[in-house]
Protein chains: 2
Amino acid sequence: MQRYDLDDLDRTIISLLTEDGRLSASEIASKIGTASERTVRNRITALLQSRMITIGAIPDPTAMGRDVQADVMIEVEPGRIEEVAIALGEFDEIGYLAATSGRFNLSGSLFVETHAALLDFCENTIGRIPGVRRVEPWVILRMYKAFGTRTTALNTATDRAEGKP
Amino acid sequence: MQRYDLDDLDRTIISLLTEDGRLSASEIASKIGTASERTVRNRITALLQSRMITIGAIPDPTAMGRDVQADVMIEVEPGRIEEVAIALGEFDEIGYLAATSGRFNLSGSLFVETHAALLDFCENTIGRIPGVRRVEPWVILRMYKAFGTRTTALNTATDRAEGKP
DNA sequence: AACAGAAATTTCCGAAACGGAAATTTATGT
DNA sequence: ACATAAATTTCCGTTTCGGAAATTTCTGTT
């Protein structure tokens, strides 16, 4: 069972699992109509084993009391990006971290409880990591899409724009 | 069954489900040792219903042929942020989108197949949305953490830094 | 400290889902 | 057209799940 490129069945399964990762194979099969329950189960196993998808719990930062979210842009001294990334990776306040081209070197996503905690984390945690030159937090005012999924904020905004209730 | 703040059991369950969202309740219970299988199942149901967590499939962009990832910063004319967000939300190339404070107004994450597609999307799709003033893509060179989970890139970097094999 | 009421946990059970292996069908290359 | 490999399907014992009732634990009040 070695699978390289996805077909429509795979893509349908993925899109269903994206919305609910705990769907049973038979539920998926019956929604699709054409594929048997066992085939769907085989496909899911293959998708997971080949790491095409990962099924996991995504904690809602707001529900968990992390009310303040921010994108953080970091400028790092040349040659020290990985070093800084390793240090930052330790913190579970950081949900996302990547090295980027452009005017900053690292782009991250930060989840903290309060604005005070945000300031503290940027000043005293990130700011003190050797190699960090500049830290620029951009507070997130409204989340429209995350993990490839539209948020309720985006859905209500769209409905409003279309004149729906 | 109404649950407001998480206890250690919840947090342990969440952290296990973060790694593998398809773990069965009994597997989780046996890993923990103290909680019964039914209690774990109750907690998971409560966590899902209260939207503390969402369990879903997270597609690996690279595995799916979306080899180019970029953060996109967008400057929007005053008063048109939501309008632009609604337009952008339609594209499934956009995995993340948020309104931010700072020198840009929208911060997004983009997954496309090639650099040509990136340029095209920024120039001809985002750039032509009414209200958009400036588009600045930052190409992601290496991903260290996503969805709150460390990537293999970060793990190998950490191992190397610690002198491990 | 004792008690009442509510919430959480546990027990129990039938239905559904899962994993492994063999059989069948479909796809691929010569 | 044929041989081989890959994918799908069938079959079946075991595990997991969902619902309801019973029990325990927690909470606030007197």
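Ion pairing between A:Lys31 and A:Glu27 fails under the 4.0 Å rule for side-chain N and carboxylate O. In summary, B:Glu82 and A:Arg142 engage in a salt bridge, as defined by a charged side-chain N under 4.0 Å from a carboxylate O.
Out of D:dA7, D:dT9, C:dT9, the shortest distance to the side chain of B:Thr39 is found at C:dT9.
Atom-to-atom, CG of B:Asn42 to C1' of D:dT24 comes out at 14 Å; the value is rounded to the nearest Å. Rounded to an integer number of Å, the gap from B:Leu9 CG to D:dC26 P is 13 Å. The CD atom of A:Glu27 sits 18 Å away from the P atom of C:dA15 (whole-angstrom rounding). Regarding B:Asp20, its CG atom lies at a distance of 14 Å from the C1' atom of C:dC18, rounded to whole Å. In this structure, A:Ile32 atom CD1 and D:dT8 atom C1' are separated by 14 Å, rounded to whole Å. Separating the CZ atom of B:Arg43 from the P atom of C:dA7 is a distance of 15 Å, rounded to the nearest angstrom. Residue B:Ile44 contributes atom CD1, which lies 11 Å from atom C1' of D:dT16 at whole-angstrom precision.
A:Met73 and A:Tyr96 fall into different hydrophobic clusters, where Ile, Leu, Val, Met, Phe, Trp and Tyr residues are linked whenever their side-chain heavy atoms come under 4.5 Å apart, directly or through other members.
B:Asp71 and A:Thr100 are not linked by any side-chain donor-acceptor pair at a separation below 3.5 angstrom, with hydrogens and angles left out of the test.
OP1 or OP2 of D:dT9 sits under 4.0 Å from a side-chain N or O of A:Ser36.
Minimum heavy-atom separation, B:Val40 to B:Ala35: CG2-CB, 4.1 Å.
Within the 6.0 Å centre-distance limit, the rings of B:Phe121 and B:Phe91 are counted as a close aromatic pair.
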For nucleotides 17-20 of chain D, which of its nitrogen or oxygen atoms have a protein nitrogen or oxygen under 3.5 Å away, and what is each distance?
unit_1	atom_1	unit_2	atom_2	d
D:dC17	OP2	B:Ala25	N	3.2
D:dG18	N7	B:Arg41	NH1	2.4
D:dG19	N7	B:Arg38	NH2	2.7
D:dG19	O6	B:Arg38	NE	3.1
D:dG19	O6	B:Arg38	NH2	3.4

